[in-house]
Asks: 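My questions all concern the structure below.
Each chain gets a letter, A, B and so on, in the order its sequence line appears, and its residues count up from 1.
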Amino acid sequence: MTEFSKVYDFHEIEDKIYQKWESSGFFKPEVHPKGKPYCIIMPPPNITGKLHMGHAMFVAIQDLFIRYHRMKGEAVLWLPGTDHASIATQNVVEKEIKKENLTRHDLGREKFLERVWAWVDEYGKIITTQIRKLGASCDWSRERFTMDDRANKAVNHAFTELYRQKLIYKGKYLINWCPRCQTVLADDEVEHAESEAKLYTLSYPIMENGKPGEASISVATVRPETMIGDTAVAVHPDDPRYQDLVGKMAFLPVAEREIPIIADKRVDMEFGTGAVKITPAHDFNDYEIARHHNLPLINILTEEGRIREGMFGAGLDVVQARRKIIKTLRSGGYLSKEVNYSHSVGHCYRCDTTIEPYISTQWFVHTEALAARALQVVADGKIHFIPQRMTKIFNHWMGNLHDWCISRQLWWGHQIPAWYCQDCLEKEKARDAAELDYRVFTIVSDQEPASCPQCGGTRLERDPDTLDTWFSSGLWPFSTLGWPEETPDLKRFFPTQMMETGYDIIFFWVARMVLLSLGLMDDIPFKKVYLHGLVRDAHGEKMSKSKGNVVDPLEIIEEFGADALRLSFLLNVTPGNDIKFSQDKTVGYRNFCNKLWNATRFALFSKKNAFYEELHLLYFDESKLSLPDRWILSRLNQVIAQATRLLDGYRFGEAGTLLYEFVWNDFCDWYLEMSKSLLDSEDWDRRSVTQETILRVLQAVLKMLHPYIPFITEEIWQRIGSKLHMLADYEKSERDLITASWPKANKALINDGLETVFQVWRDSIQKIRNIRSEADLPPSAKPIVTIVFTGDDARYDTFKELEEQMIRLTPLKQVAISREIPQKDDAAIEFVISQIRVFVVFDKQIDRGKEMLRLHAELDDLEVRLGRLAALLANEQFVQNAPAEVVGRERKKMEELLHQKDVIEKQIERIKS
RNA sequence: GGGCGGCUAGCUCAGUUGGUUAGAGCGUCUGCUUGACGUGCAGAAGGUCACAGGUUCGACUCCUGUGCCGCCCACCA
């Protein structure tokens with residue numbers, strides 16, 4: 001007999017089991033070669049550091065679905081990987097080398113990338129180890145990295161293909177520039193935050209006869225330092241204040257230039273002075289206006305965000321320049337007003353530096369056509385969001401999308417597969433056009449070209465820029481399956497069944513996958529998008545290193561086990577809602593695991609009961625089942641049906657709670673307690689059938705809990721293997737729980753009538769215990785109980801059969817199940833439950849005052865309910881409109897309550913007398 | 001400026017077709033060496049389901065509005 005420790009110790013067990021699963025190949029879809037394909041591509045964690053709670057949660061959720069579907073016999077593929085996370089990782093490594101007082105420029109591109117690769121090696125291993133610790137049943141033989149050779153190939157192919165489709169173009173536009181990272185960012189990589197500033201009013205003199213005159217025009221700005229880049233002043237065409245000024249020139253102080261006063265409908269007459277300075281190279285609004293009026297652009301900033309050489313305040317950063325220019329304007333009398341003002345400022349999502357709108361030449365993806373298709377497939381229900389409200393968020397973003405800037409001036413990432421022929425470039429330059437036509441000298445190819453296809457020249461220079469990290473992530477659902485090759489995996493598993501990720505990356509990632517999949521695969525990437533919330537700390541604060549409230553999942557696993565941690569994310573949660581992580585929850589779930597362990601220990605390995613001392617085959621024989629057996633089997637099959645339905649509806653939180661309660665309440669607290677006397681029976685058949693019932697319930701329970709708590713269920717499964725073998729219908733293929741089949745509800749065993757009687761039976765036991773407890777008597781004070789049924793009440797037989805159980809469980813001294821009211825006993829406490837009268841007699845005198853209090857409390861409660869019911873039933877509308885079934889139920893309740901009231905009142909009378 | 005979520009027992013949260021006395025875990029109180037589990041067992045207290053209207057025979061659940069907390073989006077000089 002296997003040793004069964006008193007307390008479940010997950011240490012050692014978890015790693016041992018995981019190794020067995022992995023080495024047996026159970027994580028591969030090939031375990032069910034003929035199964036229906038079911039695929040989830042794992043969101044690849046960034047290799048910026050170790051895993052956090054958010055990762056632990058997604059592993060728990062995805063593994064739950066993966067294991068559930070595997071048990072349903074499907075060919076399940078959960079494909080793991082990690083993400084190079086271009087900008088984030090580059091920043092992390094930059095910080096790392098800063099400790100050695102080095103910048104990436106000190107090292108140079110090649111050396112710097114060596115350092116990053118070393119980092120990738122180190123953290124990649126840590127991350128995959130951590131994912132294993134959590135019990136993830138993903139197929140490591142198919143593991144990928146967003147910058148491995150195959151991903152690289154996919155990225156180059158994608159870029160080339162989209163370029164060929166004219167969905168990718170290069171151009172000079174106003175973009176978001178991070179002066180710290182020194183790269184362009186996409187719109188959604190800019191985080192906006194309210195910040196306090198000053199709104200200055202500047203006066204620009206109007207030119208008169210070629211000279212600045214007396215009159216002036218006032219403009220409001222929060223960024224006075226940009227005035228040296230102004231190329232116009234704009235007013236609303238209908239603004240009566242400025243009618244005569246439109247078309248005139250204004251004098252730009254400091255820069256000492258003349259700029260035109262123009263009219264544009266985009267100007268808000270209500271704001272500030274109604275006149276706005278136009279700085280096209282450093283403001284998105286101004287850029288738009290300038291384009292319409294063909295105004296020149298003046299770039300005043302360097303890539304580091306400092307004022308350019310030869311300009312006012314050269315070399316200063318923006319804040320310093322602002323101070324200096326304010327001083328100058330003030331002394332020149334050009335500053336007429338300054339007020340406090342709050343406005344929204346963009347920040348880099350990776351380093352929080354203030355973003356500068358900046359003119360730059362970059363690569364873009366045309367999004368209009370792709371976004372329209374994306375909206376269409378969602379509208380057609382081809383992609384379904386859980387929770388549904390996320391659809392709106394997705395749609396809103398898709399519907400307001402600008403072109404996607406995909407080039408980055410970073411070193412770490414996929415280098416753009418574009419080469420520039422230097423010969424063609426020179427020719428193009430010689431043309432001396434206003435703008436270079438880059439297409440003339442650009443070669444985009446997924447292979448490095450040997451020579452220019454135009455001129456045959458070999459002086460080719462590769463674009464030094466890399467791609468947005470989300471570009472390669474956007475290909476993830478198909479690049480991981482082998483695309484652009486027509487691999488068997490791609491054919492079999494694409495489109496994937498589900499994308500499970502956090503709602504915080506709907507735009508960054510989910511949307512990009514949809515766009516790129518439609519563009520390159522001409523198909524959706526996944527059918528369902530399940531979005532989980534954020535894991536916060538116990539007080540609802542976002543976990544962050546700076547706050548010091550980060551909880552390390554590995555520490556929790558070490559202390560409470562991976563199963564307990566998983567339950568913390570899987571029970572009592574709703575899709576899309578943030579969850580607060582507190583250790584208290586995990587403690588509770590650790591206790592649940594221990595409960596399950598001990599239930600098994602008792603049920604199958606308790607020496608005293610000498611279970612299974614007789615080795616024999618168990619043929620399921622319904623006719624031999626005892627009442628408790630039939631009851632628990634009915635409950636079990638009910639639970640199987642319900643849990644399956646809930647899981648199919650993605651409601652794993654509710655399914656889990658259902659299982660938790662079934663195991664703890666129905667199975668442990670009631671059935672196993674009842675089994676104790678059943679197993680005492682002299683009757684061999686009785687014992688055997690009870691053992692079989694325990695075994696069958698446990699078998700199904702372990703199966704259903706396995707997706708939630710895979711380690712402990714597998715461990716128990718292995719330990720009870722020899723018992724399971726005794727089941728006549730045992731399937732050899734179920735030697736390992738991970739690949740065992742999900743249970744099917746046996747409707748024939750569901751018995752609603754029996755469950756109802758059992759409920760009344762349980763309630764009556766609890767009521768007796770309650771009376772005992774209220775009378776301040778210990779459990780050892782066992783009463784004598786008489787339970788009286790009316791003449792033809794069929795429940796009599798059930799109670800009769802459960803007599804011994806009742807004595808044992810309540811516990812009682814003795815019980816009489818009767819059809820007749822017992823002889824009058826003044827000491828008897830009576831209650832009515834579902835038309836059954838129960839008389840309880842303790843041999844100890846009970847406190848009359850206490851008893852009166854109890855009775856009055858009950859009476860008060862009854863009065864309230866009776867009042868409510870009477871009003872309800874007196875309402876003709878209710879009687880007429882409510883379904884007969886509901887009315888009937890209420891009437892019955894009324895009768896019952898009246899009866900209870902009567903009984904209580906009589907007792908009160910009796911005690912009084 | 002637009003949109004979304006939360007507001008249910010002291011705390012953390014469940015609650016999808018509107019219909020018993022609104023549930024769980026933790027915490028609290030009382031009792032228990034009941035043949036597996038004190039990481040346990042038994043019992044109890046604790047809620048006008050944020051507020052105000054409306055629809056309905058009936059609303060935690062549907063509609064409208066309000067308040068507080070939080071989030072997302074937006075080219076607010």
Side-chain angles (χ1 to χ4, degrees), chain A residues 4 6-8 174 187-188 192 199 219-223 234 266-268 271-273 275-279 283-288 341-344 357 387 389-390 392-393 396-397 400 402 503-504 506-507 533-534 538 540 560 571-574 576-580 582 584-585 587-606 608-609 649 651 653-654 657 660-661 668-669 672-673 676 679-680 766 769-774 776-780 808-811 861 864-865 868 872 875-883 885-887 889-890 892-893:
Chain A
F4 236 82
K6 194 167 165 180
V7 170
Y8 170 59
L174 190 60
D187 293 342
D188 51 340
H192 296 271
L199 183 65
V219 295
T221 180
V222 285
R223 301 199 57 187
R266 273 162 285 218
V267 178
D268 179 3
F271 190 91
T273 60
V276 57
K277 65 194 270 305
I278 300 297
T279 321
D283 182 284
F284 287 97
N285 247 324
D286 296 1
Y287 180 74
E288 279 303 304
Y341 183 68
S342 160
H343 70 143
S344 167
R389 70 183 131 89
M390 299 294 180
K392 227 171 157 179
I393 296 170
H396 181 258
W397 189 83
N400 294 282
H402 295 180
Y503 65 73
D504 53 329
I506 293 180
F507 308 142
L534 265 45
F560 304 107
L571 259 45
N572 285 318
V573 294
T574 326
N577 283 9
D578 291 353
I579 85 154
K580 297 188 181 75
S582 83
D584 295 349
K585 281 187 212 174
V587 170
Y589 295 134
R590 189 248 349 235
N591 295 353
F592 175 70
C593 292
N594 194 53
K595 186 77 182 172
L596 183 65
W597 178 261
N598 272 290
T600 313
R601 185 163 96 105
F602 163 73
L604 300 178
F605 296 94
S606 156
K608 218 163 178 183
N609 282 328
R651 294 157 66 182
E654 287 166 77
T657 306
Y660 180 101
E661 284 173 351
C668 290
D669 290 346
L672 284 186
E673 288 306 320
K676 287 175 181 172
L679 289 164
D680 276 345
Q766 286 177 321
R769 287 171 178 167
N770 167 246
I771 290 170
R772 186 191 65 212
S773 174
E774 294 284 303
D776 273 347
L777 295 172
S780 52
R808 207 164 173 145
L809 292 182
T810 316
D861 185 49
V864 172
R865 291 173 54 199
R868 217 178 306 163
L872 184 63
N875 185 344
E876 278 177 39
Q877 303 272 36
F878 170 72
V879 179
Q880 274 169 24
N881 294 324
E885 185 195 319
V886 174
V887 178
R889 204 164 55 209
E890 299 300 323
K892 220 173 160 187
K893 207 191 309 171

Asks: Using the P atom as the point on both nucleotides, what is the distance between G53(B) and A59(B), in whole Å?
Replies: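 The same atom, P, in both gives a distance of 13 Å.
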Asks: Give me the distance, rounded to whole Å, that separates U20(B) from C63(B) when you measure between the C1' atoms they each carry.
Replies: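 Result for the C1' pair: 27 Å, nearest Å.
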Asks: Expressed as a whole number of Å, how far does the P atom of G2(B) sit from that of U66(B)?
Replies: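 Those two atoms are separated by 12 Å.
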Asks: For A42(B), does either OP1 or OP2 sit under 4.0 Å from a side-chain N or O belonging to N770(A)?
Replies: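 Indeed not, no polar side-chain atom of N770(A) lies that close.
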Asks: For nucleotides U30(B) and G18(B), find the distance between their C1' atoms and express it as a whole number of Å.
Replies: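 Taking atom C1' in both U30(B) and G18(B), they lie 39 Å apart.
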Asks: Closer to the 5' end of RNA chain B via nearest nucleotide, is it D584(A) or E876(A)?
Replies: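 Closer to the 5' end of RNA chain B: D584(A).
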Asks: With the side chain of H192(A) defined as its heavy atoms from C-beta on, choose the nearest nucleotide among C75(B), U39(B), G31(B).
Replies: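 Selected nucleotide: C75(B).
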Asks: Are L534(A) and Y503(A) side-chain neighbours, meaning at least one heavy-atom pair lies under 4.5 Å?
Replies: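 SC-SC contact between L534(A) and Y503(A) confirmed.
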Asks: State the dot-bracket string of RNA chain B. Criteria: Watson-Crick or G-U wobble, both atom distances under 3.5 angstrom; notation: ( ) intrastrand, [ ] crossing earlier pairs, | interstrand, . unpaired.
Replies: (((((((..((((.....[...)))).(((((.......))))).....(((((..]....))))))))))))....
Asks: Checking contacts here: which listed nucleotide (C73(B), C76(B), A36(B)) is nearest the side-chain heavy atoms of F271(A)?
Replies: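 Nearest listed nucleotide: C76(B).
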Asks: Write down the distance separating the P atoms in G40(B) and G3(B), rounded off to the nearest Å.
Replies: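 These two P atoms come out 49 Å apart once rounded.
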Asks: What integer distance in Å separates N875(A):CG from U56(B):C1'?
Replies: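 So the CG-C1' distance, N875(A) to U56(B), works out to 11 Å.
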Asks: Between C75(B), C72(B), A36(B), which one does the side chain of F507(A) approach most closely?
Replies: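 Among C75(B), C72(B), A36(B), the one nearest the side chain of F507(A) is C72(B).
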Asks: Between atom CG in D776(A) and atom P in G31(B), what is the gap in whole Å?
Replies: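 Going from CG in D776(A) over to P in G31(B) covers 8 Å.
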Asks: Using the C1' atom as the point on both nucleotides, what is the distance between C75(B) and C13(B), in whole Å?
Replies: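 To the nearest whole Å, 41 Å.
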Asks: Please determine if a side-chain N or O atom of K392(A) lies less than 4.0 Å away from the OP1 or OP2 oxygen of C73(B).
Replies: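 Looking at the OP1 and OP2 atoms of C73(B), neither is under 4.0 Å from any side-chain N or O of K392(A).
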Asks: Output the single nucleotide from C75(B), C76(B), C37(B) whose closest atom is nearest the side chain of N594(A).
Replies: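 The listed nucleotide nearest to N594(A)'s side chain is C37(B).
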Asks: Is there side-chain contact between N770(A) and E774(A), with at least one heavy-atom pair below 4.5 Å?
Replies: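 SC-SC contact between N770(A) and E774(A) confirmed.
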Asks: For a quick test of reading the model: is some side-chain N or O of R601(A) closer than 4.0 Å to OP1 or OP2 of C37(B)?
Replies: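 It does, given that an N or O in the side chain of R601(A) lies less than 4.0 Å from OP1 or OP2 of C37(B).
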Asks: Between the protein and nucleotides 6-12 of chain B, are there any N/O to N/O pairs under 3.5 Å, and if so, what are the atom names and distances?
Replies:
{"residue": "U12(B)", "atom": "O2'", "partner": "K585(A)", "partner atom": "NZ", "Å": "3.1"}

Asks: Quick check on RNA chain B: between D188(A) and A275(A), whose nearest nucleotide comes earlier from the 5' end?
Replies: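 That would be D188(A).
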Asks: Is a donor-acceptor contact shorter than 3.5 angstrom present between the side chain of K6(A) and the base of C37(B)?
Replies: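 No, no donor-acceptor pair under 3.5 Å.
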Asks: Expressed as a whole number of angstroms, how long is the span from I579(A):CD1 to G5(B):C1'?
Replies: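 Nearest whole value for this atom pair: 16 Å.
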Asks: Does a distance-only test, which skips hydrogens and angles, find a donor-acceptor pair under 3.5 Å between the side chain of Q766(A) and the base of A44(B)?
Replies: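 Check fails, no donor-acceptor contact within cut-off.
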Asks: With the side chain counted from C-beta on, respond yes when F602(A) and L672(A) share a heavy-atom pair under 4.5 Å apart, and no when they do not.
Replies: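 Contact flag for F602(A)/L672(A) side chains = yes.
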Asks: Measure the shortest side-chain to side-chain distance between W397(A) and D188(A) over non-hydrogen atoms and say whether it is less than 4.5 angstrom.
Replies: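 With C-beta onward as the side chain, the pair touches.
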Asks: Given U16(B), C75(B), A36(B), which nucleotide is nearest the side-chain atoms of H402(A)?
Replies: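 Between U16(B), C75(B), A36(B), the one nearest the side chain of H402(A) would be C75(B).
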Asks: Provide the distance between the two C1' atoms, one in U56(B) and one in A14(B), to the nearest whole Å.
Replies: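 The same atom, C1', in both gives a distance of 27 Å.
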Asks: Classify the nucleic acid contact of D669(A) as base, sugar-phosphate or nothing, counting any heavy atom under 4.0 Å across all strands shown.
Replies: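 Touches sugar-phosphate only.
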Asks: With C1' as the reference atom in both, quote the distance from U12(B) to C72(B) in angstrom, rounded to an integer.
Replies: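 Taking atom C1' in both U12(B) and C72(B), they lie 25 Å apart.
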Asks: So, does R769(A) use its side chain to make a donor-acceptor pair with the main chain of L809(A) at under 3.5 Å?
Replies: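 Indeed, once roles are kept as given, a pair shorter than 3.5 Å links the two residues.
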Asks: Taking only side-chain nitrogens and oxygens of T574(A), does any of them come within less than 4.0 Å of OP1 or OP2 of A14(B)?
Replies: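 For T574(A), the contact criterion (side-chain N or O under 4.0 Å from OP1 or OP2 of A14(B)) is met.
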Asks: What does nucleotides 17-24 of chain B look like as a protein-contact string, B for base, S for sugar-phosphate only, - for none, at under 4.0 angstrom between heavy atoms?
Replies: --BSB--S
